[in-house]
Amino acid sequence: MLKTGIIAVDSYAPERVVTNDDLSQVVDTNDEWIYSRTGIKTRHLSEGENTSQLCIEVAKRLLKKTGTSPEEIGLIIVGTITPDYATPSTACLVQGAIGAVNAFAFDISAACSGFVYSMSIADKFIKNGTCKKAMVIGAETLSKIVDWEDRSTCVLFGDGAGGALLAPCEEGGILAEDLHAKGEDGLKLTGSSRQVNNMLCKAEENDNKYLAMDGRAIFNFSNKVVPASIKNILENAGLSADDIKYVIPHQANSRIIDVVAKKLGMPIEKFYLNLSEYGNTSAGSIPIALAEMDKEGLIEKGDKIIITGFGGGLTWGSILIEW
Ligand code: 4VN
């Protein structure tokens, strides 16, 4: 059966890097506190580039490195919770900017699972023959919805984008997936609230437009669902943890990844982490990590990897890919 393969991955983050020491000038925090509890040392922050601009750079890099012309792209999906506009979608802005005149395009709102959800959707359109080439991008400018006076959240998040170019393949590719949501706990992680506010009804004063989360609840949720999802996907594919070269988790917090690795009995070295440089970039984190691994030559043809996203929604999910 025809499968969906990854032809190329790439990423782009704003150039400006903000250190923990820089943050300690703005809020009451320090490098020791942030690093020991999260594994984060720096994050890239936008000096004005919006989410679509990060995506357009990723898209151009993907076209260039694969020698693909924009007309060949049949689908563009952007996973993001920080789009430039409610409409047009970020994906349409990308489509227009790169001249992908034959593509249909839309955004997916699944927060930290945005890239995993978007990959799953693109996989179906490739497999059913709707398109031959699809671009899937995960991207955020979380800095525009972070409360820069809240020291418990502003230290965690960063801006950045990554993406993959997908096409049908004969061997390898996407082998299995496991997707979930738990909307009943969704309000434990919220951002960009938009209450009704019109001549008939006034929005509440406390309408919170910023990113807000019950850290403990999200931490406990992640520790539970991520190991279960990875177990599920291995079982579905008839594989064991030993068959997996790398797990690329959503880069939320290095302490969560420690717990996940322990629960699965997998060596922590199999979990790729780059959140020390980027912080948590929500939908951007997995494709940025994939692009860095690719650049470092860590993944070779035939390697089996698992990408796993978890967070806002609440949503979570994993995809098993043979490179
Ligand atoms: C998944 C997770 C997180 C997350 C949750 C809690 C947390 C990140 C709370 C305790 C605090 C250090 C930071 Cl698990 C966020 C998302 C959203 O992408 C998804 N950090 N922390 C402490 O005091 O140790």
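Read the numbers this way: they start at 1 and go in the same order the structure lists the ligands and their atoms.
- Thr308 places none of its side-chain heavy atoms less than 4.5 Å from the side chain of His250.
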Ligand 1 N/O to protein N/O, distances under 3.5 Å:
residue	atom	partner	partner atom	Å
ligand 1	18 (O)	His250	NE2	3.0
ligand 1	18 (O)	Asn280	ND2	2.7
ligand 1	20 (N)	Asn253	ND2	3.3
ligand 1	23 (O)	Arg37	NH1	3.1

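- Using a 30° and 60° split on the angle between ring planes, Phe221 and Trp316 fall in the perpendicular class, above 60°.
- Residue Thr141 is tested with Asp84, Thr80, Asn50 for a side-chain contact (heavy atoms from CB on, under 4.5 Å); the sole match is Asn50.
- Here the side chains of Ile306 and Leu234 are in contact, with some heavy-atom distance below 4.5 Å.
- Residues Gln251 and Tyr278 are not in side-chain contact: their nearest non-hydrogen atoms beyond the backbone lie 4.5 Å or more apart.
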Below 3.5 Å, can you tabulate the donor-acceptor pairs from side chains in residues 99-109 to any protein atom, sequence neighbours excluded?
residue	atom	partner	partner atom	Å
Asn102	ND2	Glu71	O	2.9
Asp107	OD1	Thr90	N	3.2
Asp107	OD1	Ala91	N	2.8
Asp107	OD2	Thr90	N	2.8
Asp107	OD2	Thr90	OG1	2.8

